[in-house]
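What follows is a short report on a single structure.
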Protein chains: 2
Amino acid sequence: MAKLEYTLDQIDYQILRIMQDNARTNNADIARELGMAPSAILERVKKLEQKDIILQYNAKINPDALDQKMLSFIFIKAQDIIGVQKVGLLLAEIPEVQEVHDIAGDDGYLIKVRTNDAAGLVDLMRNSLGKIEGIISTRTTIVLETVKEEQKLVIPTKK
Amino acid sequence: MAKLEYTLDQIDYQILRIMQDNARTNNADIARELGMAPSAILERVKKLEQKDIILQYNAKINPDALDQKMLSFIFIKAQDIIGVQKVGLLLAEIPEVQEVHDIAGDDGYLIKVRTNDAAGLVDLMRNSLGKIEGIISTRTTIVLETVKEEQKLVIPTKK
DNA sequence: TCTGAAAATCGATCCCA
DNA sequence: TGGGATCGATTTTCAGA
C-alpha cells in the first residue's frame, strides 16, 4: 500500500472526474479536453495509481444479465472481540458478498449480498453463513428495486 | 435501453471476468489470453456494451484520498404510494448518496451515503433529506470500518 | 512537471474463410 | 463468428526546458 498523503491539484481532480465516469477514456482524449500533452496525462495517471488514489478500474456488469436478480442486506450480530475482525474476514471471503461493513452499535456487521434468487439467498445463509462461528443472529432486508447504485465520489471543485 | 435476452457463452464470461478485474485491459491482451484475434474480441466487447451487459467502466477512487472518511447507511420510512418512487428519485439526486434501494417491509428505502465526516452527515440530513417531502423517519447506521467493498459479480463457469 | 517528437503498439475496419 | 491485413490513432519513452 502506497502513501496517501499527496496534494491533488485541480488537474488531478479533473482527471479523476473523467476516469470515474468512463475508465476507458484515452489519455489522448483527456489531454485534448484539458489542453495538455498526452504524455503529461499519462504521468499523472500513473502517479494516481501508484499513490493508491485510483484503486482499480472495473467494468460494471448488469446483474440481470447474469441472472443475479436478488439483492439483500444482512445485519449480522457477532461475538467478535473488539478489533479482531475474524467474522468480518470470513464474511468477505464469500463471493456473493459484495460488501462487509463493521458497524457501530450492536457489535455487528452489515453485508450486501447478490444471489440468483430467494433460494440462492437461503442457500447462502445456510451453507456459508451457517458455517461461520461467532455469528449470533442475522436480520435480512430484501431489496425490491434499486433506484441508484454507483461508487462515484463527490470530487471537490476547489481546494 | 437495449435488449437483455442474449445467450452468453464461455468466451463472453471470460471477457466479463477480465473486464471486471481490470476494465482497462487491451483488446489485444484479452485476445492473447483467450487465444483469439483482437478483432473478434472487439466485436464481442462492443456487443456486450450494446446489449447493456457491460453497463459502464469506472475508476474506483480511494475515498480517503478525497477526505471522505465517513460512510453511513440510512433507513428511510416514506409515505410513497406503492409503485411511485418519488422519494426514491429525490434521494438519488443527492450526490453524496451512492445507493438508493427500495426495500421490502416498512415501505422504505435504504441509502448509502458518503460524507467527509460526522458534520457532513448531519448537514446532509438537515439540508438534503430534510427538504424531501414524504420522509417520515430515518434510522442511521454508521460504518466504523469497511472490510470489503466491491461490485464484482459471481460469473458462472458453466452454463 | 510539461512539451514535443519518435517508435512501438493498439484500435477499428475491411474482406475472406 | 472468427482470422488476417491494413491504416490511422494511441501509448509509451525519452530529451529538453
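Residue numbers begin at 1 in each chain, while the letters A, B, ... track the order of the sequences.
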Give one of base, sugar-phosphate or nothing for A:Ala40, where a contact means two heavy atoms less than 4.0 Å apart.
-> base

Under 3.5 Å: donor-acceptor pair, side chain of B:Asn27, backbone of B:Ile41 | no

Kindly work out whether a path of hydrophobic side-chain contacts (I/L/V/M/F/W/Y, heavy atoms less than 4.5 Å apart) joins A:Val113 to A:Val143.
-> no

So, do A:Asp64 and A:Lys69 sit near enough that their side-chain heavy atoms are less than 4.5 Å apart?
-> yes

Name all residues meeting the side-chain contact (heavy atoms from CB on, under 4.5 Å) criterion together with A:Ile136; count only those two or more places apart in sequence or in a different chain, and write none if there are none.
-> A:Lys77, A:Gln79

Test item: B:Lys112 and B:Leu71 side chains (from C-beta on) under 4.5 Å apart, heavy atoms | yes

Considering only heavy atoms from C-beta outward, does the side chain of B:Ile15 approach that of B:Leu34 to under 4.5 Å?
-> yes

Which two nucleotides bound the region of DNA chain C that has atoms under 4.0 Å from heavy atoms of chain B, read 5' to 3'?
-> C:dC10 to C:dT13

Contact residues, residues 32-39 of chain B to DNA chain D [heavy atom, < 4.0 Å] | B:Met36, B:Ala37, B:Ser39

Nucleotide pairing, DNA chain C (Watson-Crick or G-U, distances under 3.5 Å), in dot-bracket with [ ] and | = |||||||||||||||||

Relative to the 5' end of DNA chain C, which residue comes earlier, A:Arg44 or B:Asp29, by the nucleotide with the nearest heavy atom?
-> A:Arg44

In the 5' to 3' direction, the nucleotides of DNA chain D bounding the stretch that comes under 4.0 Å of a heavy atom in chain A are D:dT10 to D:dT13

Hey, does A:Lys47 reach any base, or is it just sugar-phosphate, or nothing, if we go heavy atoms under 4.0 Å?
-> sugar-phosphate

Do B:Arg17 and B:Glu33 meet the salt-bridge criterion of a basic N to acidic O distance under 4.0 Å?
-> no

Output for pair (B:Glu96 CD, A:Lys152 NZ), nearest 0.5 Å, gives 14.5 Å

Shortest non-hydrogen separation from A:Ile94 to B:Lys148 and the atoms involved = O-NZ, 3.3 Å

Could you state whether A:Val154 and B:Leu124 fall into the same hydrophobic cluster, counting links through intermediate Ile, Leu, Val, Met, Phe, Trp or Tyr residues with side-chain heavy atoms under 4.5 angstrom apart?
-> no

If you look at every heavy atom in A:Gln151 and A:Gln20, which pair is closest and at what distance?
-> O-OE1, 4.2 Å

Any pair counted as ring-ring contact (aromatic ring centres under 6.0 Å, His included), so long as it reaches residues 33-65 of chain B, sequence neighbours left out = none

May I ask you to decide if B:Asn22's main-chain N or O and A:Gln56's side chain share a donor-acceptor pair within less than 3.5 Å?
-> no

